[in-house]
Amino acid sequence: MARVTLDNVTKRYNDVVAVDDMNLEIEDGEFICLVGPSGCGKSTTMETVAGLTKPTSGTIHIGDTEVTNLPPKDRGVAMVFQNIALFPHMDVYDNISFGLRLRDFDTDEIDRRVEEAAEVVQLQGMLDRMPDELSGGQQQRVAIARAIVREPAVFLMDEPLANLDAKLRVHMRTELQRLHKQLDTTIIYVTHDQAEAMTMSDRIAVVNDGQLQQIDPPLVCYNEPANLFVAGFIGSPSMNFVEGELTTDGLETEYFDLEFDVDDLDAAPGDTVTMGIRPEDIYPATQAESLATASSTVDATSDVLEPMGDEIFVYLALDDANEETMSDEGASRASNQLLMSVDPDSRIEADDAVSVAFDRSKLHLFDTASGEAITHGVEAEPSAKRASATAEADSGGQHE
Ligand code: ADP
């Protein structure tokens, strides 16, 4: 177990800045996912920790030791890669113990470690099988066991599940969490798959263009994204965005106006902002009536419906924007489209006029130019607050 610290780590390849002034403090025993789109610098960051790449500048510590210039073998790390690379002519036992035999460990110690590791990854009874007698998932478990027997201070995993089929990937996610609990070791895990990062990590480090965007527990990244990039990257289907202008009493967009209290926001009327709302925070107006934090309503027309079983995704076209062609990929929604998630028993059909409301407490605002978050959740407009206070006073304040 060890804490891993990156201080101002930059890695350049000629003109490409693969990692740009990265600062990370990974706690002892923490499971951290480095997540971001392909080419954002995740693997390079991990390679600097592994010692496979030397940073152009900056320092790396594992525990109290500065390892920036140490060779990989002296860092106490073990890596698991996407490409499993087992020796095809060796059985499982020999594949797992290969590194230990190379280092001249004695036979009893090798036996003990291999048996323990095989138990952790549930490969007992398969130690004499050859790699081609194993499924993809079992092969990946051999690779993980090979890392475990090294008893590393830090596990580095680079997309270890990327080559497995979807069902096995989901299964292996649970296995890796169990492994982490059992070994209680620091794990740095690279993935482009936000769902993997959400489900497994203690904290997610979201990276874009070589720069750290946010490092926080999964639900904080989901509920309080630091900027537009994190908001759009974390969550599937992704957050809806609509650009508009802040006014003295809310937001004005091309398609609708919303009223809310702008007084306490760190932005001024006239500012160009981007509103963000997740599909599950949009409600048909009839349902929103029972929601205390519902916004005013917005008119739209349902376009495409995607029944998922436990929910239905409804693509809404705002205003008279129906004639626009729908993108076939939800993630690249056009600006006049909103994706709403509703109950499976909802009676919405294609081409219905649907009035919707947003959960104000889940409405995000971002500064369009900088992308930085302004707020997560807005308050009712002061006049609405006054009206509801007056109504409450009129009814003798008996609402509760
Ligand atoms: P990710 O793991 O997020 O997909 P990488 O860390 O592999 O991203 O790459 C980050 C950037 O650095 C990319 O633009 C990539 O092309 C570049 N890069 C990575 N390794 C090398 C290398 N050995 N030589 C030149 N450019 C590289």
Side-chain angles (χ1 to χ4, degrees), residues 4-26 30-60 62 67-72 75 77-85 140 143-144 147 154-164 166 169 172-173 176 186-201 203-216 218 221 225-236 238 329 331-332 371:
V4 178
T5 316
L6 279 75
D7 288 305
N8 307 103
V9 170
T10 292
K11 176 67 189 181
R12 289 172 196 277
Y13 294 105
N14 302 318
D15 292 346
V16 178
V17 184
V19 181
D20 191 0
D21 199 25
M22 183 77 72
N23 288 289
L24 280 178
E25 218 166 89
I26 299 163
E30 200 173 17
F31 193 145
I32 283 269
C33 278
L34 293 179
V35 69
S38 182
C40 73
K42 308 177 293 289
S43 297
T44 308
T45 304
M46 176 168 289
E47 284 161 13
T48 64
V49 178
L52 304 176
T53 296
K54 197 170 171 310
T56 312
S57 58
T59 56
I60 298 163
I62 295 180
V67 298
T68 321
N69 296 309
L70 287 184
R75 296 190 178 204
V77 300
M79 288 197 74
V80 181
F81 296 97
Q82 173 176 347
N83 294 322
I84 300 170
Q140 192 53 287
I144 294 169
V154 182
F155 275 101
L156 303 174
M157 302 192 177
D158 193 346
E159 306 252 11
L161 309 184
N163 287 345
L164 305 181
R169 244 188 353 247
M172 288 296 288
R173 272 189 216 158
L176 285 174
T186 312
I187 298 182
I188 308 179
Y189 186 104
V190 162
T191 179
H192 66 277
D193 179 351
Q194 63 87 32
E196 262 180 27
M198 282 296 287
T199 47
M200 293 194 301
S201 13
R203 284 190 302 160
I204 298 180
V206 186
V207 181
N208 191 34
D209 280 342
Q211 294 176 343
L212 181 66
Q213 306 291 312
Q214 182 165 10
I215 177 161
D216 269 314
C221 291
N227 56 36
L228 278 170
F229 179 81
V230 178
F233 193 81
I234 299 290
S236 177
S238 59
E329 222 272 285
S332 54

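Along the sequence shown, residues carry numbers from 1. Both counts, for ligands and for their atoms, begin at 1 and track the order of listing.
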- Residues passing the side-chain hydrogen bond (donor to acceptor under 3.5 Å, both in side chains) test with T191, sequence neighbours excluded, are E196
Table please: side-chain donor-acceptor pairs of residues 4-13 below 3.5 Å, with sequence neighbours left out.
unit_1: N8; atom_1: ND2; unit_2: D21; atom_2: OD1; d: 3.0
unit_1: T10; atom_1: OG1; unit_2: D21; atom_2: N; d: 2.9
unit_1: K11; atom_1: NZ; unit_2: K54; atom_2: O; d: 2.8

- Please examine the side chains of M200 and I187, heavy atoms only from C-beta on, and report whether any two atoms are closer than 4.5 Å. no
Anything under 3.5 Å between a donor and an acceptor, one on a side chain of residues 209-216, the other on a protein residue two or more places apart or in another chain? List them.
unit_1: Q211; atom_1: NE2; unit_2: D20; atom_2: OD2; d: 2.8
unit_1: Q213; atom_1: OE1; unit_2: N227; atom_2: ND2; d: 3.0
unit_1: Q213; atom_1: NE2; unit_2: N208; atom_2: O; d: 3.4
unit_1: Q213; atom_1: NE2; unit_2: Q211; atom_2: O; d: 3.3
unit_1: Q214; atom_1: OE1; unit_2: A226; atom_2: N; d: 2.8
unit_1: Q214; atom_1: NE2; unit_2: D216; atom_2: OD2; d: 3.0
unit_1: Q214; atom_1: NE2; unit_2: E224; atom_2: O; d: 3.2

- Item | Atom-level proximity to ligand 1, residues with heavy atom under 4.0 Å | Y13, V16, A18, P37, S38, G39, C40, G41, K42, S43, T44
- Roughly how far, to the nearest 0.5 Å, is the CG atom of L161 from the CG atom of L176?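 Going from CG on L176 over to CG on L161, the span is 5.5 Å.
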- Item | Reported CG-to-OH distance for the pair L156 and Y189, which is rounded to 0.5 angstrom | 13.0 Å
